[in-house]
**Student:** 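Take this structure first; my questions come after.
When a ligand or atom number is given, it counts from 1 through the structure's own listing order. We count residues from 1, following the sequence as given. All values below were derived from every heavy atom in this structure, side-chain atoms included, with hydrogens, water molecules and symmetry-related copies excluded.
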Amino acid sequence: MLQELKESVTYLKHKIEDFKPEVGIVLGTGLGGLVKEIEVSHSVLYASIPNFPISTLEFHSGRLIFGTLQGKKVVAMQGRLHYYEGYSMQQITFPIRVLKALGIQYLFVSNAAGSLNPDFKKGDLMIISDHINLQHESPLRGINDSDLGPRFPDMSQPYNRELIAKGLKIAQEANITCHQGVYVAVTGPNLETKAEYKYLRIIGGDAVGMSTVPEVIVANHAGLPVFAISVLTDEGFPEDLQPFSLEEILETAAHAEPKMTQILSQLISSL
Ligand code: HPA
């Protein structure tokens with residue numbers, strides 16, 4: 001992987017000249033609007049970057065956006081990669097390795113997720129305070145390269161405590177309903193059955209989704225502080241489970257997205 005990483009980083013450094021991103025941002029399903037807030041310096045298609053996997057979803061555009069957000073130099077992944085698309089865990093987390101090698105010091109992640117907690121309603125936001133990985137594989141499986149991180153990375157605090165506290169404060173001051181809770185990662189792409197939603201709640205989940213955890217594991221391996229936030233786009237309450245609709249998910253995400261963008265921008269500006 002080190003050789004591939006070198007190729008991608010060399011290519012990107014040439015493309016972005018002396019731009020040095022401090023903050024990496026991964027934008028989730030229907031949540032690409034933060035890009036509008038970025039004063040863009042360079043935009044690079046995933047497809048043009050050596051060794052970069054390409055998003056197979058038509059609603060996830062695949063490009064790296066380099067620019068300035070609230071005075072901070074950022075690089076945003078517009079379009080993330082999911083395990084259910086058929087990529088390996090190493091492939092979907094490769095971009096995080098690249099961003100780290102380009103110099104980011106923080107990773108911010110967003111996603112769309114289903115609520116499991118009856119007190120967390122569709123359209124609310126949830127800052128992720130911890131997670132449960134039900135994606136039966138770790139992106140760190142295989143020979144460990146100690147230049148990238150330790151063999152057995154600690155996961156006692158995978159989401160940065162100070163950033164969580166700041167994020168909650170920003171939300172409160174802006175009158176935005178924002179919870180904190182446990183995100184459960186499943187592989188998808190099928191949604192959960194009623195029995196599965198019930199199970200995910202029993203084991204301690206507040207929200208469920210098909211992403212984020214692989215990137216967070218790799219970020220922790222790489223020593224990056226992480227902040228992650230979910231937009232709750234549907235309710236996985238077994239007693240009253242509605243059929244899943246992608247249109248509704250995207251609509252809810254679009255509706256909640258300005259609130260999420262506000263929290264992320266303010267948080268990034270405070271770094
Ligand atoms: N389950 C899994 N992934 C999801 C959901 C869900 O209910 N909502 C959005 N992504």
Side-chain angles (χ1 to χ4, degrees), residues 25-34 55-61 77-87 89 92-93 108-137 139 159 177-217 228-261 263-264:
I25 308 169
V26 182
L27 296 166
T29 305
L31 302 170
L34 181 73
S55 174
T56 62
L57 301 173
E58 70 274 15
F59 53 87
H60 271 262
S61 40
M77 284 184 66
Q78 195 179 30
R80 74 135 59 77
L81 306 145
H82 303 82
Y83 187 65
Y84 63 72
E85 293 177 76
Y87 296 115
M89 284 288 176
I92 59 176
T93 53
F108 287 76
V109 185
S110 68
N111 63 48
S115 173
L116 300 168
N117 183 331
D119 294 331
F120 297 3
K121 303 297 184 199
K122 180 172 140 174
D124 291 354
L125 303 179
M126 186 189 93
I127 293 174
I128 303 178
S129 54
D130 205 347
H131 72 227
I132 297 172
N133 186 12
L134 293 189
Q135 297 189 333
H136 47 70
E137 196 189 320
Y159 301 88
T177 308
C178 184
H179 314 282
Q180 61 173 318
V182 174
Y183 176 91
V184 187
V186 294
T187 57
N190 54 286
L191 275 292
E192 289 68 43
T193 64
K194 286 180 195 158
E196 286 165 344
Y197 278 121
K198 185 174 171 192
Y199 161 77
L200 296 174
R201 179 69 186 144
I202 290 169
I203 64 168
D206 293 299
V208 55
M210 305 174 191
S211 67
T212 300
V213 165
E215 292 105 313
V216 170
I217 291 174
I229 186 163
S230 296
V231 172
L232 303 175
T233 50
D234 55 285
E235 296 174 346
F237 306 153
E239 320 73 53
D240 183 29
L241 190 62
Q242 304 301 312
F244 178 85
S245 145
L246 181 62
E247 290 70 39
E248 247 182 83
I249 298 278
L250 294 176
E251 205 177 291
T252 309
H255 192 251
E257 123 108 67
K259 301 187 282 183
M260 188 201 79
T261 295
I263 295 175
L264 285 179

**Student:** Just checking, is any N or O donor in the side chain of Asn111 or Thr212 under 3.5 Å from an acceptor N or O on the other one?
**Tutor:**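 Yes - a donor-acceptor pair under 3.5 Å links their side chains.
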**Student:** Might you list the protein residues in contact with ligand 1, defined as having a heavy atom under 4.0 Å from one of its atoms, sorted by chain and number?
**Tutor:**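 Contacting ligand 1 under 4.0 Å are Ala112, Ala113, Gly114, Leu191, Glu192, Tyr197, Val208, Gly209, Met210, Thr233, Asp234.
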**Student:** Under 30°, 30 to 60°, or over 60°: which ring-plane class applies to Tyr83 and His136, parallel, tilted or perpendicular?
**Tutor:**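 Ring orientation, 0 to 90° scale: perpendicular.
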**Student:** Sequence neighbours excluded, which residues qualify as side-chain contact (heavy atoms from CB on, under 4.5 Å) partners of Leu241?
**Tutor:**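 Leu241 satisfies side-chain contact (heavy atoms from CB on, under 4.5 Å) with Lys194, Tyr197 only.
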**Student:** Assess whether atom CZ of Phe237 is packed by more than 12 heavy atoms of other residues, nucleotides or ligands within 6.0 Å.
**Tutor:**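 Yes - once you tally the heavy atoms of other residues, nucleotides and ligands closer than 6.0 Å, there are more than 12.
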**Student:** Counting heavy atoms not belonging to Glu137, are there more than 12 under 6.0 Å from its CD?
**Tutor:**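 Yes.
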**Student:** Are Tyr87 and His82 an aromatic pair by the rule of ring centers under 6.0 Å?
**Tutor:**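 Not close enough - the centres of the two rings lie 6.0 Å or further apart.
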